[in-house]
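Structure first, commentary second.
Chain A is the first sequence line, chain B the second, and so forth, proteins listed ahead of strands; every chain is numbered from 1. Just the heavy atoms: all of them, side chains too, but no hydrogens, waters or symmetry mates, feed the values below. These figures come from a predicted structure and were not determined experimentally.
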There are 2 protein chains.
Amino acid sequence: MIDNYLLEELVTFSKYGTLAATAEELMVTQPTVTRGMQKLEDDLNVKIFDRQPNRISLTKTGILAAKEAQRVLDQNQNFIDTVQAYEASHTTIRVGSVAPGPIIMLHSLDDIPDNAVINDNLLKQDTVIEDLENRSFAAILTNQEIMTDSIESRFIGSEHLSVNLDKFTYLANKNSVKFEELKGMSFIVINDIGIWKQIIQDNIPDAKFLYQEQYEAFTEITKYSSFPYFSTNVSKASNHLPTQNDDRVKIPISDDASTMDFYISYLKTQKSQVTQLIDSMTQAWKQ
Amino acid sequence: MIDNYLLEELVTFSKYGTLAATAEELMVTQPTVTRGMQKLEDDLNVKIFDRQPNRISLTKTGILAAKEAQRVLDQNQNFIDTVQAYEASHTTIRVGSVAPGPIIMLHSLDDIPDNAVINDNLLKQDTVIEDLENRSFAAILTNQEIMTDSIESRFIGSEHLSVNLDKFTYLANKNSVKFEELKGMSFIVINDIGIWKQIIQDNIPDAKFLYQEQYEAFTEITKYSSFPYFSTNVSKASNHLPTQNDDRVKIPISDDASTMDFYISYLKTQKSQVTQLIDSMTQAWKQ
DNA sequence: AACAATTACGGAATCCGTAAAAATT
DNA sequence: AATTTTTACGGATTCCGTAATTGTT
């Protein structure tokens, strides 16, 4: 058996032509590569290099060897990929979120990895790290990057908050509004909106929020009243919100606080189990 | 990249079922295999074993991994074989001999490796080791095994000496003769018969040997005289000896000295270059 | 009690980097 | 002078074996 690091040096050499360039590419020193190629020849017991004092090149056999070495490395990499992919598709992973947006997005995906189990109850922000480390969840959708020794995050997409106003109110003609302009109004709000709850309460002065536990109550009231309600670019995809017979106009809110970036956070050691999920979500969010 | 020794341990484990048996098969200790499989899981970042205090077994993913690991090892071995075979078939190897028999045998082969160059001038016995070590010859056919640090030998076959006697002499009716019985006779002998020259001179008392430099002279004289001459099971295959119009009878010589074992000797480091030649010769000598 | 797996620890082998040398362009 | 390869030496990492531990059959 020939060690992989020797094959890697050979393949790299065949691409770059000198031991010096090979060493630089592999981020080792020249003597390391010199010794490696000497050892490779010794292990194979075949002369694969023509050597001159300051020039070295592959023999015909060496060229063949480099080509074959690439196949061995490919096979090894394929081994890793195959085993990890098999494991990933046969391990159910629990996915949680601190906000409803990403959850709605998840449910709307056509290609959710079939091993993903989505938890619809929103998680509290301050237990995220704990939930990941004790493996309660394999991945959690968060509104902050988490970068610790064991956890990392990847950006998924942004959610933008809008307010849906009766089309006869004066604000309904604007291209965007500020939280400040909504001062003192009363809003119909779905109770379980996670992170957003705090944001609207903190940013709209003197407002009243008529929280509804049930979606049905929410839709009924919006339909037969003119209370404004909130939606986002993501929630719009949901069928929970009224779309027909709605006399309201959707106006984006322009404050910074109305835009929220979402990340998927997971244990570094579990990365291979969640890559498929990451890919699906980043892809879907773009649309 | 996953190190090959880990893959080898995995494949062996999947065959033998316990770490203990795996360790024994691979001629290492149990802790080595334990650590190896821990490292493999760690490198792959996939759980491939179910562990109990006293028992360990492969998960479904582990079974797949073992199967795939075998392919990686096969590919690696194939790499070695391919490179060595290519080198062997593109490197001319010089083949020498200390006796004519094996040379005649070599020339009669239909499938001499086409990279073999046969030297028809016989070599002296006492320079064989030197000739191999300074690479003057890649392989030499010898009548003795050579086993040094750098050289090894493989048995090829035996050559048996016979004497061809005029059918009217009284010895011609025997099934075999001894050297002693040939005492005082005169023989026609090809001059360049290597090792055999010494043997007939040493073993036949008071004999006269009429050495002939040229094959033509030898065949002419045998044809038009009744001098006995020597042949062997190997030389018979040669067209240098008369076969038609020969009034002589071939009688085997029964002394031990009339049987000579031949070996092919080569540098251990060159083994892969001469294996094809070895196979061809041992195969051919059987017939 | 016997067996299988694991952990702890010390030694051995391997691999790597720094420094220096040799030879070419 | 600058570049490339190679050798020599010392240090660091990795890998292994012995001995001891844990837990099961």
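The interatomic distance linking A:K39 (NZ) with C:dC16 (C1') rounds to 14 Å, in whole Å. Rounding to whole angstrom units, CG of residue B:D3 and P of C:dT14 are separated by 14 Å. The nearest whole Å value for the distance from the CG atom in A:L19 to the P atom in C:dC16 is 14 Å. The nearest whole Å value for the distance from the CG atom in B:D43 to the P atom in D:dT14 is 11 Å. If you measure from atom CG of B:L26 to atom P of D:dC16, you get 10 Å, rounded to the nearest angstrom. Rounded to whole angstrom, the span from the CD atom of A:E8 across to the C1' atom of C:dC15 amounts to 15 Å. Between A:E24 atom CD and C:dG17 atom P the separation is 14 Å, expressed in whole Å. When rounded to the nearest whole Å, the span between CD of A:E9 and P of C:dC15 equals 10 Å.
Picking from C:dT7, C:dT24, C:dC3 the nucleotide with the shortest atom distance to the side chain of A:N54 gives C:dT24. When distances run from any side-chain atom of B:T34 to the nucleotides D:dG17, C:dT6, C:dC3, the shortest one goes to C:dT6. Relative to the side chain of A:Q30, the nucleotides D:dG17, D:dT5, C:dC16 differ in distance, and D:dT5 lies closest.
When heavy atoms are screened at a 4.0 angstrom cut-off, B:R51 is found touching the sugar-phosphate backbone but no base atom. Backbone-only engagement by A:V28 is indicated by non-hydrogen atom pairs under 4.0 Å involving sugar-phosphate atoms exclusively. Across all strands shown, A:T18 has heavy atoms under 4.0 Å from sugar-phosphate atoms exclusively, and none from any base.
To the nearest 0.5 Å, atom CD of residue A:Q30 and atom CD of residue A:E24 are 9.0 Å apart.
Using a cutoff of 4.0 Å between basic side-chain nitrogens and carboxylate oxygens, A:R51 and A:E41 are scored as salt-bridged.
Comparing A:Y5 and B:A21 by the nucleotide of DNA chain C whose heavy atom lies nearest to each, the residue mapping closer to the 5' end is B:A21.
For A:R35 and C:dG17, a side-chain-to-base donor-acceptor distance below 3.5 Å is present, hydrogens and geometry of angles not being considered.
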